[in-house]
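Each chain gets a letter, A, B and so on, in the order its sequence line appears, and its residues count up from 1. Fair warning: this is a prediction, and the values are worked out from it, not measured in the lab.
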Protein chains: 2
Amino acid sequence: MTESPSTKERLIAVATQLLDEGGPEAVTLRSVAHAIGLSHNAPYKHFKDKRALLAAVAHMSFQEMGAAFKKIAQKETTPSRALRQIVAQYLDFAERSPHRYRLLFNDPEIGQGRGELETEALATFEAVVRLIKAGQKEGELKRGDASQFTALLYGSLHGLADLRLSGRTRSAKGMDNIGVLPLILLDLLKK
Amino acid sequence: MTESPSTKERLIAVATQLLDEGGPEAVTLRSVAHAIGLSHNAPYKHFKDKRALLAAVAHMSFQEMGAAFKKIAQKETTPSRALRQIVAQYLDFAERSPHRYRLLFNDPEIGQGRGELETEALATFEAVVRLIKAGQKEGELKRGDASQFTALLYGSLHGLADLRLSGRTRSAKGMDNIGVLPLILLDLLKK
DNA sequence: ACCTGAACACCGTTCAAGT
DNA sequence: ACCTGAACACCGTTCAAGT
């Protein structure tokens, strides 16, 4: 069934694991190589540099997340329900894999990369745009620019998830229970 | 008038400057010390470690930002106008001082710090809560939990600013012209 | 009290060399 | 093609020593 993984795939897998378990400072090329029994600079035979390895980690995670969202969009019965599910899934991923989340949505070096990552992210974005347009057509949601509504929802989700991860939501009253806030936004978008 | 700055103050000032000009990787204790003609480990006589120096940089910037917001809240004639001004000022700061913005709102090491930073941030948050409550009282804004509305606005602002800084807003259609999106949110909050 | 200089452990990266 | 080992430049941090 599953092929035995190549060295390159093993490097990506162990980098992901080290990131999830110990945060970015735990991911050194040395620790990644040693974890699979290679010398400290073996990764350079498979990736141009550290940034390229991390980009590969991000790419895999992005694909998984995009696939999960599209699955929700297909399964759920109404656009509103699908949107609420996606919101929950997004915040759940950020909470469960905080370090990976920051790599995906926060790391400037990863974000600059043109190419595959951007294409994948755009496809996911467009899937949400379609959901909102469907909701508008069915009369569930307010009229308005669906792309802008999506961008506002995306910004809110990222901002709230990110503020929580970086410890900026502890004291303020409205910021405990981050999860309800995007739902309030979705309510505001209802007709 | 102005006292001649202490070594500690000079370290904070030059760290801020190096951060703004060259990003986080340009701020090494060595470069900071050398910039004011001291040996590479002189900063340790004034700050416990690098994190403490950066926290001091963040503290000063936070105070300035909070003061600017409160000034807007006092000057503007209506709550709505004040909120729009604050939104513009916030996004403007993020665009003009991207590296400092990330230190203030994104660095996990800074965010964890209990104490002054958190108090200052909370005070600014509460100033916005009061603005929203005033808007509700005057009938400009929808009823609802003002703290939650503030949290949603804050999350949106941070998320949009942060996505822009990390290069995640380039391709998607609704995400160019980030500035209008929080205004859409404010519109949704209108009665 | 404040600063200097040497030293340590740890990085990412490069390079010559081995199979 | 893939891997190893030595080496380099650069960090944050510690420590003994100077004034």
Would you indicate which nucleotide in [options] comes nearest to any side-chain atom of [X]?
{"X": "A/Thr7", "options": "C/dT13, D/dC3, D/dT14", "answer": "D/dC3"}
{"X": "B/Leu38", "options": "C/dT4, D/dT13, D/dC3", "answer": "C/dT4"}
{"X": "A/Arg30", "options": "D/dA7, D/dT4, D/dT14", "answer": "D/dA7"}

Residue closer to the 5' end of DNA chain C, A/Glu25 versus A/Lys48 (nearest nucleotide): A/Glu25

D/dA1 pairs with, by Watson-Crick or G-U criteria that keep both distances under 3.5 Å: C/dT19

Identity of whatever pairs with D/dA7 - Watson-Crick or G-U, under 3.5 angstrom: C/dT13

Donor-acceptor under 3.5 Å (B/Arg168 side chain, B/Ser166 main chain): yes

Sidechain-backbone polar pair: A/Lys142 side chain, A/Leu188 backbone, donor-acceptor under 3.5 Å: yes

Pair of N/O donor and acceptor under 3.5 Å linking C/dA6 base with B/His40 side chain: yes

Phosphate contact (C/dC3 OP1 or OP2) by B/Lys45 side-chain N/O below 4.0 Å: no

Mutual orientation of the aromatic rings belonging to A/Tyr154 and A/Phe105 [parallel < 30°, tilted 30-60°, perpendicular > 60°]: perpendicular

Whole angstrom value for the distance that separates P of C/dT13 from CG of A/Asp49: 5 Å

